[in-house]
Amino acid sequence: MKKLALLAIPAALALAFTTNAMAADGKAVYTDNCAKCHGDDGKGATKMGQKLGARDYTDAKVQASFTDEQALKSLREGLKKDGKTMMRAFELSADDLKASVAYLRTFKK
Ligand code: HEC
């Protein structure tokens, strides 16, 4: 019994560490690449965000309006509306893009 507990601790620590590291990555990618339009709080209330019409990502309805797949496609290929570029395509790794979308999801209230 004692032996089992000793084995379980490192496994739990490793898991906690991995999860934390991933969340930190998403935040860093977001802060570097996304916050100037979408805002540190996801509300899009920055100068650039307002000019381009970034939506409020704390709104559950806005979050529900696209799937993760759509979001990743928009980030890979860029997003246009009425011929106007809303977001350019990002040259980030698939993992970084996924992490930034996962971080964007955390703004939902
Ligand atoms: C140049 C400003 C700008 C930057 C930088 C930017 N976005 Fe956007 N983004 C927009 C605008 C404008 C829209 C369209 C309006 C909206 O949906 O908020 C948009 C839309 C989106 C959407 C919705 C996509 C869809 O298909 O409906 C997601 C998700 C998103 N952005 C995530 C991000 C992430 C993650 C980053 C960083 C990797 C990022 N954006 C960087 C301006 C920007």
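Read the numbers this way: they start at 1 and go in the same order the structure lists the ligands and their atoms.
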Please state which protein non-hydrogen atom is closest to [atom] and give its distance, to 0.1 Å?
atom                    : result
atom 41 (C) of ligand 1 : Phe90 CZ, 3.3 Å
atom 31 (N) of ligand 1 : His38 NE2, 2.9 Å
atom 43 (C) of ligand 1 : Met87 CG, 3.0 Å
atom 35 (C) of ligand 1 : Ser100 OG, 3.4 Å
atom 24 (C) of ligand 1 : Ser74 OG, 3.7 Å
atom 5 (C) of ligand 1  : Asn33 O, 3.2 Å
atom 15 (C) of ligand 1 : Gly53 O, 3.4 Å
atom 37 (C) of ligand 1 : Cys34 SG, 1.8 Å

Donor-acceptor pair, side chain of [X] and main chain of [Y], under 3.5 angstrom:
X      : Y     : value
Gln63  : Asp56 : no
Thr46  : Gly49 : yes
Ser100 : Gly26 : no
Glu77  : Ser74 : no

- Task: Measure from NZ or CZ of Arg105 to the centre of the six-membered ring of Tyr103 and say whether it is under 6.0 Å with the direction within 45° of the ring axis.
- Result: no
Transitive ILVMFWY side-chain link [X] to [Y], under 4.5 Å:
X     : Y     : answer
Leu79 : Leu75 : yes
Leu52 : Val62 : no
Met48 : Val29 : no

- Note on the structure: If we number the atoms of ligand 1 from 1 as shown, the ones under 4.0 Å from a heavy atom of Ala71 are 29 (C)
- Message: If we only consider heavy atoms of Gly44, is any one of them less than 4.0 Å away from an atom in ligand 1?
- Response: no
- Between His38 and Tyr30, how do the two ring planes meet: parallel, tilted or perpendicular, split at 30° and 60°? tilted
- Task: State the NZ-NZ distance between Lys84 and Lys81, to the nearest 0.5 angstrom.
- Result: 8.0 Å
- Message: Quick check for you: to the nearest 0.5 Å, what is the distance between Cys34 atom SG and Asp40 atom CG?
- Response: 10.5 Å
- Min over Cys37, Gly42, Ala35 of heavy-atom distance to atom 4 (C) of ligand 1 lands on Cys37
Should the proximity of [X] to ligand 1, defined as any heavy atom under 4.0 Å, be assigned to the side chain, the backbone, both, or neither?
X      : value
Val29  : neither
Leu97  : neither
Tyr57  : side chain
Leu75  : side chain
Tyr103 : neither
Arg55  : both

